[in-house]
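For reference, the structure discussed in these notes is given below.
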Amino acid sequence: MESSASERATRLSDARGVLARIWVILKSGSPAREDETRARTVVLQQLMLSGAVVVLFLIGMLLEQHLSDPLFLTGAFGILLLTFVAFAVPWNRYPVWVSIALPALDALGVLAMRVAEPTSGVAMLWVFPAIWLSSSFGVLGYLLASFGISGMYWFAIRYTGATPSVLGNIILPIMVIAVSTSTYFSFRRYHAQRQLLDKQATLLSRTLERTQHQERLVTQVLDSVDFGVMLIGIDGTIEVTNEAHDRVDRSLRDAQGERLPIFAADGRTPVADADLPLQRAQDGEVFDDSIIVVGAPGSPQRSISVSARRLVDSRGVDAGAVVVGRDVTAERTALQARDNVVASISHELRSPLTAILGYIDLALERDDLPSGVSDDLQIASDSAERMTSIISEILAASSSSNATMDVTISRSDADLGILVLEAAQAWEPAASARHIQIITTGVDWQIRAYMDAPRIRQVIDNLISNAIKYGRDGGAIWLDVYGDEIESWVAVRDNGMGIAEEDQQRLFGRFVRANTEVGGTGLGLAISRDIARAHGGEIYLGSTVGQGSAFILRLPARVDVILPPITAADALAMRGAQTPDEASEGV
Ligand code: ADP
């Protein structure tokens, strides 16, 4: 007995295993995903039928028909009971075919009611399970609906007796088959459309994913470059910017977020809003390497190089613009420093060279030269001439930037009067070559200044050299040095060609020349003024064309002096000094 009991247990567990496997297979055949709509469909379909049954009951009660047949009630209440089942069972968790039990049982319920009340027309209720079966359970459901329900109907007729009309006996099955067929095919079409839509949705979401991926990639690439990029739409709105652009943008604003003033490449000329690179790009302009300088002159300035290009879409239609901005402050500063060094060294080499050449020429003019010396001097003169031309070439090659130079000076208390007298002596030969007289009677040799003596000597050399160059043959140069406890002055005046009013303002710019007949570089005055300003001083100019020019250098006399600014007219009038005109009368 015991062994048979254990055998039974084994068989039972085997049978369970088989059932479990069938269950898994069936389950795997069903859509694994949870389908909320399926549960809703079951409840809805069931509710429609039970609603119809309830309405039937109510109408029956109103018409005082006795629907009390036990079989009828069994069918009707069976259908109502199935409504509770429809609500209670979580249909999503089971395979689709499980819910086929409900319409099948509903059809049986209707059969019971039809058998109990053959004349009540209750058979029409079969339409409900027929629609349900053919819409939700594929071909099997459709066959069940068409032939199962028709079979039930004929069974009922056999059981309760046929109607007198033959047509009356087949009209219901025809109707059920017609409804089932049309439902089945409409739902098949509906499913096909849904599958197509699903496929398109998947395709669309994949495309979207790919696009988003590419967009992320482009954003990452854009963010990793160190130049600002801005995409402008056709309507001029800024659509995309990268991180570097935000950094550049921040550098254009002060601590309060206000935009700093913007200037042209020279760092001084203000730029009108309409000429700003962004505005030009928005107006459709295409340009390369347009430089703007941000920040007021005198404060730290940043240089930004901006380029703009138009964009076209795949149809070749204008699609806005891309603007690229780059901070080129370091590059421009380096270039400017290079130019300054080249220009300044070259220019400063010229002045002593001119003096050397002058003295060699003087020496060459002497008759008492020992033999061979004149040849040596000629060689020296040729070499000095060559050096002058090399320096001129270097100067010509250096940039024509107008920016000022950073002058490094080392100041101390020094003799200004003596410095000027020494310079006068050095330039004597060059001046006498043109029969120009250098008059130093106005030099107070006791005047001192707080200055970098070699640098100020450069300035004096430049001014005397110019006075000779642009002076008149047989003319004169007056050197004056004067001052007090506060300020020290040097005036270099000539009765040469003079400078036109309109040229006077710009002559202190680099590479600016009013007179191109005489050789020069246009750098001397610029360098001189930079040196004067580095001392906290200034150079003033007064000139009349055809009469002569006066250049006046103003320097602090002592270490603790800060000179207040004055106008050129005041500077010229300061000493009540003779004008070049008056002075020339005395020559
Ligand atoms: P460079 O003499 O090498 O041309 P500068 O900067 O020293 O350069 O002078 C700039 C210009 O100013 C000169 O080209 C000349 O036209 C004008 N200039 C300078 N000094 C005088 C002067 N004493 N008289 C007339 N013109 C002058």
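Both counts, for ligands and for their atoms, begin at 1 and track the order of listing. Because the structure is a prediction, the values reported are computed rather than measured.
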For Glu285 against Ala308, the heavy-atom pair lying closest together: O-CB, 4.0 Å
Polar contact flag, side-chain donor to acceptor under 3.5 angstrom, Trp427-Asp461: yes
Sub-3.5 Å pairs, protein N or O with ligand 1 N or O:
{"residue": "ligand 1", "atom": "2 (O)", "partner": "Asn466", "partner atom": "OD1", "Å": "3.1"}
{"residue": "ligand 1", "atom": "2 (O)", "partner": "Lys469", "partner atom": "NZ", "Å": "3.0"}
{"residue": "ligand 1", "atom": "2 (O)", "partner": "Tyr470", "partner atom": "OH", "Å": "2.9"}
{"residue": "ligand 1", "atom": "3 (O)", "partner": "Thr521", "partner atom": "N", "Å": "2.7"}
{"residue": "ligand 1", "atom": "3 (O)", "partner": "Thr521", "partner atom": "OG1", "Å": "3.4"}
{"residue": "ligand 1", "atom": "3 (O)", "partner": "Gly522", "partner atom": "N", "Å": "3.1"}
{"residue": "ligand 1", "atom": "4 (O)", "partner": "Tyr470", "partner atom": "OH", "Å": "3.2"}
{"residue": "ligand 1", "atom": "4 (O)", "partner": "Arg513", "partner atom": "NE", "Å": "2.7"}
{"residue": "ligand 1", "atom": "4 (O)", "partner": "Gly522", "partner atom": "N", "Å": "3.2"}
{"residue": "ligand 1", "atom": "6 (O)", "partner": "Gly524", "partner atom": "N", "Å": "3.2"}
{"residue": "ligand 1", "atom": "6 (O)", "partner": "Leu525", "partner atom": "N", "Å": "2.8"}
{"residue": "ligand 1", "atom": "7 (O)", "partner": "Asn466", "partner atom": "OD1", "Å": "3.3"}
{"residue": "ligand 1", "atom": "7 (O)", "partner": "Asn466", "partner atom": "ND2", "Å": "2.8"}
{"residue": "ligand 1", "atom": "7 (O)", "partner": "Leu525", "partner atom": "N", "Å": "3.4"}
{"residue": "ligand 1", "atom": "8 (O)", "partner": "Gly522", "partner atom": "N", "Å": "3.1"}
{"residue": "ligand 1", "atom": "14 (O)", "partner": "Tyr470", "partner atom": "OH", "Å": "3.2"}
{"residue": "ligand 1", "atom": "16 (O)", "partner": "Ala514", "partner atom": "N", "Å": "3.1"}
{"residue": "ligand 1", "atom": "16 (O)", "partner": "Asn515", "partner atom": "N", "Å": "2.8"}
{"residue": "ligand 1", "atom": "20 (N)", "partner": "Asn466", "partner atom": "ND2", "Å": "3.4"}
{"residue": "ligand 1", "atom": "23 (N)", "partner": "Asp494", "partner atom": "OD2", "Å": "2.9"}
{"residue": "ligand 1", "atom": "24 (N)", "partner": "Ser549", "partner atom": "OG", "Å": "3.4"}

Pairs touching residues 215-226 that satisfy side-chain hydrogen bond (donor to acceptor under 3.5 Å, both in side chains), sequence neighbours left out: none
Nearest atoms (heavy-atom pairs only) where Ala363 meets Leu369: O-CD1, 3.3 Å
Charged tip of Arg554 within 45° of Tyr540 ring normal and under 6.0 Å: no
Heavy-atom closest contact (Leu278 atom, Ile232 atom, distance): CD1-CD1, 3.6 Å
